[in-house]
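Reading through the C-alpha cells given below for one structure.
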Amino acid sequence: MIAPAEVFETAPTEQVERGRYLANYASMCVPCHSPHDRSGALVEGKQFTGNAMPFASPYPDGEKWASRAPALIRLPGWSEKDFV
C-alpha cells in the first residue's frame, strides 16, 4: 500500500511509517477508499483513489448515506493551498 513518492519526499521516515500504519491498519482507510478487483483484493497502485462503499448503510431507511468513499490521495477538487 504505497502512495506516490512525491508525498513522502520531505517527510521524516518515522512520520511516513506512522502515517502508513494509521491509514492501513489503525483506522482502516484503505478498504473503503480503494478499489478492489473481482476477487476482493486491492487494485495495486490505486489505493486511496476512491471506491463504491463496500457495505450497506448502517442508518435506518431515509437517512442520507454516501454511495462512494471519496479519493483521499491528492484530494481532487482542492487547490494546493487548501490542501496545505
Side-chain angles (χ1 to χ4, degrees):
M1 294 158 206
I2 300 171
E6 67 268 14
V7 173
F8 301 129
E9 287 176 355
T10 60
T13 302
E14 61 274 4
Q15 286 181 341
V16 171
E17 291 308 315
R18 177 72 174 156
R20 184 175 287 125
Y21 164 74
L22 291 172
N24 291 295
Y25 302 103
S27 60
M28 299 296 295
C29 302
V30 173
C32 293
H33 291 274
S34 304
H36 301 262
D37 64 20
R38 288 181 185 225
S39 71
L42 290 171
V43 176
E44 192 61 39
K46 297 288 186 179
Q47 293 88 343
F48 303 107
T49 61
N51 190 35
M53 289 300 289
F55 49 85
S57 170
Y59 299 108
D61 289 339
E63 293 287 332
K64 290 185 176 184
W65 178 254
S67 61
R68 294 194 56 81
L72 297 178
I73 194 164
R74 295 189 183 95
L75 299 174
W78 290 51
S79 70
E80 184 175 345
K81 179 182 174 188
D82 290 339
F83 177 75
V84 171

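Residues take their numbers from the sequence shown, with the count starting at 1. Computed from a predicted model, the values in this text were never measured in an experiment.
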Item to complete: Would you confirm whether Gln15, through its side chain, and Thr13, through its main-chain N or O, come within 3.5 Å as a donor-acceptor pair?
Response: no
Minimum heavy-atom separation for [X] to [Y], with atom names?
X	Y	answer
Cys32	Ala69	O-CB, 3.0 Å
Met53	Trp65	CE-CZ2, 3.6 Å
Gly50	Pro35	O-CD, 3.5 Å
Val30	Gln47	CG1-CG, 4.4 Å

Worksheet entry | Listed partners of Arg68 passing side chain to side chain contact (heavy atoms under 4.5 Å, CB included), at least two apart | Ala52
Worksheet entry | Partners meeting side chain to side chain contact (heavy atoms under 4.5 Å, CB included) with Pro31 (sequence neighbours left out) | Met28
Fill in: Straight-line distance of Phe48 CZ to Asn24 CG, nearest 0.5 Å
5.0 Å
Worksheet item: Does any pair with a residue in residues 27-40 pass side chain to side chain donor-acceptor pair (under 3.5 Å), and if so which ones, sequence neighbours excluded?
Response: Asp37-Ser39
